[in-house]
2 protein chains.
Amino acid sequence: MESLKMFLRTITNISDADFENTIKYFQSQHLAKNSYFVLPGKICQQVAFIKKGTLRTYYLNENAEEVTSCFCIENSLTTSYKSFILQQPSELAIQAIEDTELLVIDYADLQNLYQQSVVWQKIGRTIAERQYIVMEQYASVLCNETAKEKYLRLLKEQPSILNKASIADIATYLGVTRRTLSRIRKEVTQ
Amino acid sequence: MESLKMFLRTITNISDADFENTIKYFQSQHLAKNSYFVLPGKICQQVAFIKKGTLRTYYLNENAEEVTSCFCIENSLTTSYKSFILQQPSELAIQAIEDTELLVIDYADLQNLYQQSVVWQKIGRTIAERQYIVMEQYASVLCNETAKEKYLRLLKEQPSILNKASIADIATYLGVTRRTLSRIRKEVTQ
DNA sequence: AACATTTGAGGACAAATGTCCTCAAAGATA
DNA sequence: TATCTTTGAGGACATTTGTCCTCAAATGTT
């Protein structure tokens, strides 16, 4: 629970009392490697804080190929955010790529917290704002960086992903074919 | 003011009294064609509702070339959102591409509204959530659509932009060179 | 009106990336 | 252990896109 408290305190100075009152809405959940936190087509009813482990979010493109859109790492949140906000079926799947420990809160409970608590109103808005900034950063990278630059960024910012995810998934994450990723990896290792 | 009220009522059922109490924080602003709402390097202190007109947001890439990231149209909001949220210098410029009428609110006044009013807490969070969804859609388009598909989407969703923006700006918006856009336009007109 | 500047189309060639394929190594399974 | 499957590297060629350039039409300026 400590890691969640620390995470929330990067948003606002939530008191220990407020935190105790909040934490009861969160439930622990274990996900074995390859099992799913969110299934495509289902409405995403939960947000999860990742205590330990790694997840991959992906969608199916028009050729029914999996395209990885995000790797989610420890001490951050994961959810199919659009599905969660709009309470509509998720286009995304979220799958653990190693054994993972989550702290999960339901949509209804979160809406209750918003209603009850000024602190949580602020947390909710701040999380939305941060998610926006992450997505803007993602779009900016998509626009401005070559696949090689994106690969080097991954290598630098999330090096553990290279051991945990397959080459095929990393290629779709970078927006290139496996063939192109193969060329990039050859270049990078000289 | 009516158009702003209608816009807000797509978010939550704000009462006439609440709206009157709110509207006093908004100021009318006229922008002549080619003049700026946000200058890069300055902290963006305002959010604007576009009563009439069109704006273009762009940034300078590593070669100091203008890259258009968004065309902003009537009855929607515009701001350099990341700069506004984090109160840090804007990477984006926002420029009117025709004579434009705005309703503008300052950062401090908006924070006051958040503090004072539960309705505005919800509006603030909902706007952040919507901005997130717009950005996610943008990223999805960047990943999944070819330049030709993006051009056809622009043609369909914002046809007026084709008269108002230059070919060079549309090309950077689509993420291709003018040469490629020229090829696309030739194909599309057969 | 005369001239300069900007804008959009498109030719020629180079570079980047995709498609399709094969092969070898690593894992999985019977 | 023998065999099947999956995974990652990379060859050969096609396609797409970029770079650099020219030209004509439209627009702006004196």
Side-chain angles (χ1 to χ4, degrees), chain A residues 32-35 54 56 58 60-68 71 95-99 141-155 158-190, chain B residues 32-35 54 56 58 60-68 71 95-99 141-155 158-190:
Chain A
K33 180 175 177 176
N34 293 329
S35 60
T54 311
R56 173 177 80 100
Y58 70 84
L60 300 178
N61 70 8
E62 68 281 4
N63 302 319
E65 299 154 342
E66 293 181 7
V67 179
T68 299
F71 293 110
Q95 183 182 29
I97 60 175
E98 62 180 340
D99 285 11
V141 165
L142 284 176
C143 277
N144 294 304
E145 297 193 351
T146 64
K148 185 176 176 182
E149 287 165 339
K150 283 186 274 185
Y151 180 75
L152 291 172
R153 175 186 290 276
L154 184 66
L155 206 68
Q158 304 187 304
S160 66
I161 296 300
L162 288 164
N163 311 320
K164 291 172 181 168
S166 72
I167 288 289
D169 288 346
I170 293 172
T172 67
Y173 178 67
L174 299 177
V176 294
T177 58
R178 282 186 307 244
R179 185 69 193 80
T180 299
L181 180 53
S182 169
R183 282 192 268 246
I184 290 166
R185 283 161 63 87
K186 187 171 190 181
E187 265 188 272
V188 167
T189 52
Q190 274 80 354
Chain B
K33 179 175 176 174
N34 292 328
S35 61
T54 311
R56 175 177 78 100
Y58 69 84
L60 300 177
N61 69 8
E62 69 280 3
N63 302 319
E65 297 153 342
E66 293 181 6
V67 179
T68 300
F71 293 110
Q95 183 181 29
I97 60 174
E98 62 180 339
D99 284 12
V141 165
L142 284 176
C143 277
N144 294 304
E145 297 193 352
T146 64
K148 185 176 175 181
E149 287 166 338
K150 283 187 273 186
Y151 180 75
L152 291 172
R153 174 187 292 276
L154 184 66
L155 207 67
Q158 303 186 303
S160 66
I161 296 301
L162 288 164
N163 311 319
K164 290 171 181 168
S166 72
I167 288 288
D169 289 346
I170 293 172
T172 65
Y173 178 67
L174 299 178
V176 294
T177 59
R178 282 185 308 244
R179 185 69 192 83
T180 300
L181 180 53
S182 170
R183 282 191 268 244
I184 290 167
R185 282 161 63 87
K186 187 170 188 180
E187 266 187 273
V188 167
T189 52
Q190 274 76 356

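Numbers restart at 1 for each chain; the letters A, B, ... are given by sequence-line order, proteins then strands.
Using a 4.5 Å cut-off on side-chain heavy atoms (C-beta onward), B:L60 and B:V67 make no contact.
Here the OG1-CD1 distance, from B:T146 to B:I184, works out to 7.0 Å after rounding to the nearest 0.5 Å. We find the CG-OH distance between B:D169 and B:Y58 to be 9.0 Å, quoted to the nearest 0.5 Å. Atom CD1 of residue B:I97 and atom NZ of residue B:K33 lie 8.0 Å apart, to the nearest 0.5 angstrom.
Going from atom CD of B:E145 over to atom C1' of D:dT17 covers 18 Å, rounded to whole Å. Taking atom CD1 on A:I97 and atom P on D:dT7, their separation rounds to 14 Å, with Å as the unit. The CD-P distance, from B:E65 to D:dG18, rounds to 12 Å in whole Å. With rounding to whole Å, B:L174 atom CG is found 16 Å from D:dT16 atom C1'.
B:R185 and B:Y151 share a donor-acceptor pair across their side chains, judged by distance under 3.5 Å alone.
The backbone N or O of A:L174 lies less than 3.5 Å from a partner atom in the side chain of A:K150, making a donor-acceptor pair. When atom types are taken as modelled, the side chain of A:Q95 and the backbone of A:N34 share a donor-acceptor pair closer than 3.5 angstrom. For A:T172 (side chain) and A:T68 (main-chain N/O), a donor-acceptor pair under 3.5 Å exists by modelled atom type. Although no hydrogens or angles enter the test, the distance criterion places no donor-acceptor pair under 3.5 Å between the side chain of A:N63 and the main chain of A:E65.
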### Task
Start with the C-alpha gap between B:C143 and A:L142, add the side-chain angles, then the distance that decides, and say whether side-chain contact (heavy atoms from CB on, under 4.5 Å) holds.
CA-CA 7 Å; B:C143 277; A:L142 284 176; 3.5 Å; yes

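Comparing the axis of the opening five pairs of the helix from C:dA1-D:dT30 to C:dA30-D:dT1 with that of the closing five pairs yields an angle of 40°, rounded to 10°.
Contact check, A:T177 against C:dG18: a side-chain N or O comes under 4.0 Å of OP1 or OP2.
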### Task
Could you run through nucleotides 22-28 of chain D and give me one letter per nucleotide, 5' to 3': B if any protein heavy atom sits under 4.0 Å from the base, S if only the sugar-phosphate is that close, - if neither?
-------

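Remark: A:K164 engages A:E98 in a salt bridge, criterion side-chain N to carboxylate O under 4.0 Å.
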I'd like a table of atom pairs between the protein and nucleotides 8-12 of chain D - only N or O on both sides, under 3.5 Å - with the distance next to each one.
| from | atom 1 | to | atom 2 | distance (Å) |
| --- | --- | --- | --- | --- |
| D:dG8 | OP1 | A:I167 | N | 3.1 |
| D:dG8 | OP2 | A:I167 | N | 3.3 |
| D:dA9 | OP1 | A:R185 | NE | 3.2 |
| D:dA9 | OP1 | A:R185 | NH2 | 3.2 |
| D:dA9 | OP2 | A:R185 | NE | 3.4 |
| D:dG11 | N7 | A:R179 | NE | 3.4 |
| D:dG11 | N7 | A:R179 | NH2 | 3.2 |
| D:dG11 | O6 | A:R179 | NE | 2.9 |

